[in-house]
Amino acid sequence: MTVERAAPLVLASRGQLDLEATLDGGQAFGWYREGEAYRGVLGREVVVLRHTARGIVAESPYGTLPPSIEDQLTRYLDLTACAFGFDAFRARYLRDECLGYALREWPGLRLLRQDPWECLVAFLTSATSNIPRIKLNIGSLVRALGDRVGPGVQDFAFPAPDRIAAAGEAELRRLGFGFRAKYIASAAEAAVSGQLALQPLETMPYQQARNELTRLDGVGEKIADCVLAFSLHHHEAFPIDRWTRRALEAWYSMPASFNPSDAARWARDRFGADAAYVQQYLFHRQRLSARTRAATDRSALAQQDG
DNA sequence: TGGAAGCCTGGTGT
DNA sequence: AACACCAGGCTTC
C-alpha cells in the first residue's frame, strides 16, 4: 500500500530567506524550532518550513497542504520580489559601514506580512518584556483560547478578537499577561465592536494608520510602528527600541538626547521607504552582537576561574 | 510639556 | 540556589 504524498512546495532559495533570522528574530512569536525546521500555524494550517538542497520547502507535518497555501506563504514571507525590491535595497546599503556587514551576514532576513490582529496582540504583549517571555505568553494564549488545528502541542489557530474579548482581562491576567491584559482585552473589544478595523490600515497613508493605532489603549508609537512594519507593509515605519536606538547613535551619529518620538522621526527622515528594513537589520545586528559579547564575557570569566 | 514612577512576571546573571 | 536586576513601553501624575 502506498501513501500518496504531494510534491513538496518549494518557496525560495536559501539566500532569499533565512528562516531563523526571519521567523525567530523578534517579529513573530509563534514559530517553533524542530531540528533544522520551523513549525507554526498560518491561518488554520500547520506548516513546517525547512531548508533543503532545492531551497525552502513548506510541508504539512501530518497531511497535505491546500494549494492556496503557496500564495499565503509567498505573501506572509514577503517573497514577491517586486513588492519591495529587496535587491535594490541591498544595493543601496551594501557599502554602508554598519548595514553592509549585516546584509552580507544575514542576506535572507526579511520583513514578514503577518496577520495584523495577531501582530497587534504580540506587540501589546512585548511591552517591557523579552522574546522568550513573549513566546511563552502567546503560546499560553493560543492553547487556552485558539482552536486546535493539529496534533502538536502548539498547533492552535490564533484566537480571533471575539474569543479574546469573551475571555476578558481577568483570564488574560491568569494566562500571565500582567498589566498588558487590560490593553489586549480592550483592543479585542474595539475590534469586535468595529471601532477598530485593522486591514484598512494597510492602504491608508502611514501617519494616518499610525494615528489610528495609537488611539488604542496601550499602543504608543513603538508598538504602532511594529504592527505597521511587520504586518501592514508600511515600510516607512521605524520602531525605536533600546537596540535600534543604540545602533543609530553608534553608527549614524544620532544625538543621544533624542526622545523616542524624535528618534523615530529622525530615522524615517533619514531612511525613507527603507526605514523598516533598515530597522530590522540594525536590530538583528545589535541583538546578536550583544549576545556574542555576553558569550565572550562568559568565556573570559570561565578562563579567569580556571 | 517633559520627565519619572509604576506596572506583572519570567529571563538572566551573579 | 536564591536573589537581585532587567526587559523590544505605556499611562498617569
Side-chain angles (χ1 to χ4, degrees), chain A residues 21-31 109 111-112 114 118-141 144 168-187 190 210-231 237-250 255-265 267 275-305:
Chain A
T22 303
L23 299 178
D24 212 7
Q27 293 186 70
F29 305 94
W31 292 94
L109 171 58
L111 287 175
L112 296 171
Q114 301 178 68
E118 184 169 346
C119 192
L120 174 62
V121 173
F123 283 94
L124 277 167
T125 304
S126 77
T128 321
S129 193
N130 50 63
I131 292 175
R133 187 176 170 204
I134 300 164
K135 281 186 89 156
L136 196 73
N137 289 151
I138 296 299
S140 309
L141 180 73
E169 176 183 347
E171 173 69 358
L172 292 169
R173 278 190 178 265
R174 198 188 63 75
L175 290 170
F177 286 86
F179 65 90
R180 310 160 192 88
K182 182 173 51 170
Y183 303 142
I184 294 167
S186 145
R210 194 180 197 236
N211 290 341
E212 288 296 312
L213 285 170
T214 51
R215 282 169 51 197
L216 294 168
D217 233 21
V219 179
E221 297 182 357
K222 156 67 166 64
I223 291 176
D225 279 335
C226 287
V227 175
L228 291 168
F230 304 148
S231 72
F238 196 110
I240 290 287
D241 54 48
R242 305 176 144 61
W243 301 99
T244 48
R245 163 181 284 280
R246 236 172 270 169
L248 291 174
E249 291 169 7
S257 59
F258 278 10
N259 65 32
S261 187
D262 291 337
R265 186 168 22 246
Y277 257 101
V278 168
Q279 183 275 162
Q280 199 55 20
Y281 270 87
L282 293 184
F283 176 70
H284 203 76
R285 181 179 175 155
Q286 286 297 112
R287 219 181 122 234
L288 292 196
S289 65
R291 191 177 290 176
T292 308
R293 261 201 308 282
T296 312
D297 292 349
R298 275 196 297 280
S299 74
L301 281 171
Q303 295 244 316
Q304 282 175 18
D305 290 351

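Here the structure is a predicted model, which means the values were calculated and not measured. Within every chain, numbering begins at 1; the chains are lettered A, B, ... in the order of the sequence lines, protein sequences first and strands thereafter.
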Nearest whole angstrom, please: distance from the C1' of B:dG11 to the CG of A:Asn137.
12 Å

Options B:dG11, C:dG9, B:dC8, nucleotide nearest the side-chain atoms of A:Ala127
C:dG9

How close or far is atom C1' of C:dG8 from atom CG of A:Leu248, stated in whole angstroms?
14 Å

Hey, is the side chain of A:Arg173 poking within less than 4.0 Å of OP1 or OP2 on B:dC8, counting only N and O atoms?
yes

Give a yes or no on whether a salt bridge exists between A:Arg210 and A:Asp225, defined as a side-chain N under 4.0 angstrom from a carboxylate O.
yes

Using the C1' atom as the point on both nucleotides, what is the distance between C:dT11 and B:dG10, in whole Å?
23 Å

Set out, line by line, the N/O atom pairs under 3.5 Å between protein and nucleotides 11-13 of chain C.
unit_1 : atom_1 : unit_2   : atom_2 : d
C:dT11 : OP1    : A:Gly218 : N      : 3.1

Starting at atom CZ of A:Arg133, determine the distance to atom P of B:dC8, rounded to an integer number of angstrom.
11 Å

Give a yes or no answer on whether the side chain of A:Tyr277 reaches the backbone of A:Leu111 with a donor-acceptor pair at less than 3.5 Å.
yes

Under 4.0 Å, heavy atoms only, any strand: does A:Ile131 hit a base, just the sugar-phosphate, or nothing?
base

So A:Phe123 and A:Phe230, would you call those rings parallel, tilted or perpendicular, with 30° and 60° as cut-offs?
tilted

Is the backbone of A:Phe258 close enough, under 3.5 Å, to the side chain of A:Arg245 for a donor and an acceptor to pair up by distance?
yes

Considering every strand shown, what is the Watson-Crick or G-U wobble mate of B:dC8 when both distances are under 3.5 Å?
none

C:dG9 versus B:dT12 - spacing of their P atoms, nearest Å:
15 Å

Starting from C1' on C:dG8, measure out to CD on A:Gln27 and report it in whole angstrom.
12 Å

No-hydrogen, no-angle side-chain donor-acceptor test under 3.5 Å, A:Gln279 and A:Thr244
no

If we take the P atom in both C:dC3 and B:dC8, what is their distance in whole Å?
23 Å

Is A:Glu249 salt-bridged to A:Arg246, cutoff N-O under 4.0 Å?
no

Between A:Arg242 and C:dA7, is there a contact of a side-chain N or O with OP1 or OP2 at under 4.0 Å?
yes

note: A:Asn130, atom CG; B:dC8, atom C1'; distance rounded to Å ~ 13 Å

Got a donor-acceptor pair under 3.5 Å from the side chain of A:Arg180 to the base of B:dC8?
yes

Check: A:Thr128 side chain, C:dG9 base, donor-acceptor under 3.5 Å
yes

Which whole-number value in Å describes the distance from A:Asn259 CG to C:dC10 P?
12 Å

Short side-chain to backbone donor-acceptor contact, A:Lys135 and A:Trp31, under 3.5 Å
yes

What is the separation between atom CG on A:Asp225 and atom P on C:dG9, rounded to the nearest whole Å?
13 Å

Rounded distance in Å between the P positions of C:dA1 and B:dT9:
25 Å

Rounded to the nearest 0.5 Å, the CZ atom of A:Phe29 sits from the CD1 atom of A:Ile138 at a distance of 8.0 Å

Touch check for A:Phe123, heavy atoms < 4.0 angstrom, all strands: base, sugar-phosphate only, or nothing?
base

Identify, between A:Gly178 and A:Pro132, the residue whose nearest nucleotide on DNA chain B lies closer to the 5' end.
A:Gly178

With the side chain of A:Phe179 defined as its heavy atoms from C-beta on, choose the nearest nucleotide among C:dG8, B:dT9, C:dG9.
C:dG9

Measure from CZ on A:Arg210 to P on C:dG9 and round the result to the nearest Å.
15 Å

Look through every strand shown and name the nucleotide pairing with C:dG8 as Watson-Crick or G-U wobble, where both distances are under 3.5 Å.
none

